[in-house]
2 protein chains.
Amino acid sequence: MLTERQLLILQVIIDEFIRYAQPVGSRSLAKKANISFSSATIRNEMADLEELGFIEKTHTSSGRVPSEKGYRFYVDHLLSPEMISQQDLDKIRSLFTERIYELEKIIQNSAKILSDLTEYTAIVLGPTAKENRLKRFQIVPLNDDTAVAIIVTNTGHIEHKLFSFPGTITRSDIEKMVNILNSRLKDVPLIRLREKLFHEVVTLFKHHMENYEYLLQTIADVLNINQHEKLYYGGKMNMLKQPEFRDVEKAQEIFSLIEDEDGVYQLLRKMPFGLNVKIGSENRIQAMEDCSLITATYSIGDDQVGTIAILGPKRMQYSRVISVLNLLSKQLTDSLSRLYDS
Amino acid sequence: MLTERQLLILQVIIDEFIRYAQPVGSRSLAKKANISFSSATIRNEMADLEELGFIEKTHTSSGRVPSEKGYRFYVDHLLSPEMISQQDLDKIRSLFTERIYELEKIIQNSAKILSDLTEYTAIVLGPTAKENRLKRFQIVPLNDDTAVAIIVTNTGHIEHKLFSFPGTITRSDIEKMVNILNSRLKDVPLIRLREKLFHEVVTLFKHHMENYEYLLQTIADVLNINQHEKLYYGGKMNMLKQPEFRDVEKAQEIFSLIEDEDGVYQLLRKMPFGLNVKIGSENRIQAMEDCSLITATYSIGDDQVGTIAILGPKRMQYSRVISVLNLLSKQLTDSLSRLYDS
DNA sequence: TTTAGCACTCTTTATTAATGAGTGCTAAAT
DNA sequence: ATTTAGCACTCATTAATAAAGAGTGCTAAA
């Protein structure tokens with residue numbers, strides 16, 4: 001168990017290091033206003049804290065730097081929630097005050113604002129609905145052999161795909177097909193579309209149409225798209241502002257991680273509900289060992305859940321980032337539920 | 001006028017510098033297979049070439065580096081078109097062999113392939129149609145007060161926007177409106193939609209509907225989107241591979257240029273038809289003085305024109321990049337015209 | 001005209017020395 | 001029993017100096 005004084009010293013060391021990215025020495029600590037004992041005392045305490053694994057030295061006679069365990073303790077026990085300035089609050093509110101009715105735009109802007117506010121990289125995962133349903137299926141012929149298929153979900157999400165078809169298929173064939181599809185597939189959850197298509201709808205096709213095989217396959221392709229929700233990034237380049245990434249090699253490493261959308265998607269998807277902080281190697285990814293990832297979830301109604309996240313150096317302003325993410329996730333949940341929950 | 005020997009020396013200096021990014025000295029030149037005179041002779045010639053402004057020294061006793069004028073001369077007079085390997089050809093062909101019918105996907109993949117092939121940053125501007133026309137206007141109600149409006153163009157391009165409407169407007173109002181819009185606006189060029197809407201359609205609305213003002217405004221909003229065509233990037237991070245951008249400051253500068261989509265759009269749009277090379281300060285942009293931009297245009301049929309571009313260091317493999325851009329722009333023009341020209 | 005030879009320049013790299021921030025330990029002070 | 005002053009010691013950083021090497025320009029011989 002740590003004494004009050006040790007807690008204080010640990011906290012100040014981490015605060016200072018987060019701020020200045022320099023190892024913290026006993027002398028500079030002793031000068032701080034809220035510390036009233038000598039540098040020698042601090043040295044003794046620091047030796048203890050080091051023995052306990054909360055801080056480290058970069059070389060034998062250097063100041064101390066937080067260890068991963070130190071950051072973890074700091075995040076779990078020492079964090080005082082940071083007040084968010086009126087200015088920043090306004091920025092967040094601006095997301096909702098303009099009458100943007102496009103969910104996608106709001107989500108995208110969230111990433112932008114998040115990165116502006118924190119100076120780190122923001123990643124936002126659009127809302128994944130457990131139960132997204134088909135609202136409408138539509139085909140618009142463009143000319144004699146190509147058409148565009150459109151699906152609209154109950155959340156107003158749209159997917160489309162161009163396809164071509166053999167001349168043997170007429171416009172009335174297509175119309176018939178669209179009618180069948182809409183009558184049978186309306187309000188069916190997207191995940192079930194495929195099975196429904198191949199079990200129920202296919203028999204109707206057989207009855208009412210010739211040459212249905214080709215179209216069936218195309219439809220299956222179109223319905224197959226909406227695999228997973230989009231990722232939005234903000235401030236990708238902010239990483240370069242951090243002194244830990246002044247080295248281009250390091251920067252490239254982290255960028256190739258960020259650019260790997262599939263990987264990032266997997267990473268975010270498995271984050272638990274609510275707020276979560278993963279520090280350095282807790283992320284279990286080599287390239288992220290010098291990074292921390294903080295995530296928060298937002299939801300739209302009871303069904304859709306999305307994630308907002310900040311990726312930054314381990315030496316991150318945890319307090320501020322956590323406050324901002326908490327606030328924004330709540331605001332998103334409130335406002336989006338009001339706008340889109342149907 | 002330069003002598004044969006001077007031409008040879010200039011060419012080899014630039015080739016070497018492009019390859020190794022190191023100032024080129026007389027001794028190393030003399031060792032090259034195709035050079036049969038001594039280093040002293042080369043030194044004399046280099047002094048002349050420097051006086052003429054084609055090459056420069058980085059300090060009094062350094063080897064020579066091409067000047068901007070040197071690169072310009074090289075591009076205009078010394079370039080031998082590079083053979084493209086079968087492997088690279090296959091990569092480019094792969095764009096069209098898979099049956100991807102989505103124009104957007106093909107364009108996007110072009111950027112990816114272009115950056116893979118060159119190891120620079122690729123920027124592709126989607127096809128801008130002088131004469132994109134409306135094919136279909138559609139509204140899908142999601143619930144009692146929100147709906148999504150969809151427009152489909154003759155090129156299969158889709159735009160959509162969510163909007164909400166007051167409860168006083170019924171579904172049959174909306175249906176009526178959609179019918180009017182489709183009958184009046186079908187095949188109208190996108191640019192004329194607004195004027196047509198406010199002159200012709202508005203009178204019909206007045207006759208057939210009450211409370212049309214609100215919807216009219218919304219429709220106008222929806223039709224207003226498709227401002228300009230999208231940009232696609234490939235290999236943004238390739239810049240970091242170049243030794244000239246090992247300095248993080250420089251890298252940030254160039255990245256903030258790349259990320260400014262509006263700026264890039266303006267830049268690409270004003271490029272002339274066909275192939276174009278802009279070297280360093282020829283771009284007339286401070287942040288690009290160490291970069292070269294090579295652009296080529298592709299077209300779909302007679303109407304739509306787009307641009308593919310490579311951004312790299314001034315020390316760029318001009319020969320290769322020009323060959324690749326020429327080839328891909330031709331392939332895009334051929335294949336896309338075949339697929340989409342209607 | 002071309003080239004060998006040489007003095008000279010400037011960068012790069014290694015070596016050494018000086019400075020200073022910081023530590024750990026001991027012994028005195030509280 | 002704590003706390004603190006004092007001091008020897010460590011290591012990174014900075015500056016100064018030297019040595020090596022790549023390259024140039026010029027002169028004079030081929």
Practice prompt. Apply side-chain contact (heavy atoms from CB on, under 4.5 Å) to the pair A/L231 and A/V124, showing each step before the final yes or no.
Written response: CA-CA 6 Å; A/L231 282 177; A/V124 174; over 6 Å; no
Fill in: Pair A/R27-A/S39, side-chain donor/acceptor within less than 3.5 Å
no
Response to the item:
Whether each nucleotide of nucleotides 22-30 of chain C has a protein heavy atom under 4.0 Å at its base (B), only at its sugar-phosphate (S) or at neither (-) is summarised, 5' to 3', as BBB------
Item to complete: Please identify each residue that fulfils side chain to side chain donor-acceptor pair (under 3.5 Å) with A/S36, with sequence neighbours left out.
Response: none
Discussion item. Applying side chain to side chain donor-acceptor pair (under 3.5 Å), can you list everything that pairs with A/Q22, at least two apart in sequence or on another chain?
Written reply: none
Got a list of protein N/O to nucleotides 12-18 of chain D N/O distances below 3.5 Å?
none

Fill in: Spacing between A/R5 atom CZ and D/dA1 atom P, to the nearest angstrom
16 Å
Practice prompt. Considering just the side-chain nitrogens and oxygens of B/T41, establish if one lies under 4.0 Å of OP1 or OP2 belonging to C/dT3.
Written response: yes
Discussion item. Please report the distance, rounded to the nearest Å, between CZ in B/F37 and P in C/dA4.
Written reply: 14 Å
Worksheet item: Who passes ring pair (Phe, Tyr, Trp, His ring centres under 6.0 Å) against A/F73, sequence neighbours left out?
Response: A/F54, A/H77
Worksheet entry | For A/I84, the option from A/N326, A/V324, A/L117 that meets side chain to side chain contact (heavy atoms under 4.5 Å, CB included) | A/V324
Worksheet item: Between B/Y232 and B/N109, is any side-chain donor less than 3.5 angstrom from a side-chain acceptor?
Response: no
Item to complete: Using only heavy-atom distances, determine whether the side chains of B/Q266 and B/D262 contain a donor-acceptor pair under 3.5 Å.
Response: no
Worksheet item: Name the stems with DNA chain D in them: runs of three or more consecutive Watson-Crick or G-U pairs, distances under 3.5 Å?
Response: C:1-30 with D:1-30
Discussion item. Using whole Å, what does the distance between atom P of nucleotide D/dG23 and atom CG of B/L49 come to?
Written reply: 17 Å
Discussion item. For B/Y318 and B/Y74, take the angle between the two ring planes, folded into 0 to 90°, and tell me which bin it lands in: parallel under 30, tilted 30 to 60, perpendicular over 60.
Written reply: perpendicular
Discussion item. Is it true that B/T118 and B/Q317 share a donor-acceptor pair across their side chains at a distance under 3.5 Å?
Written reply: no
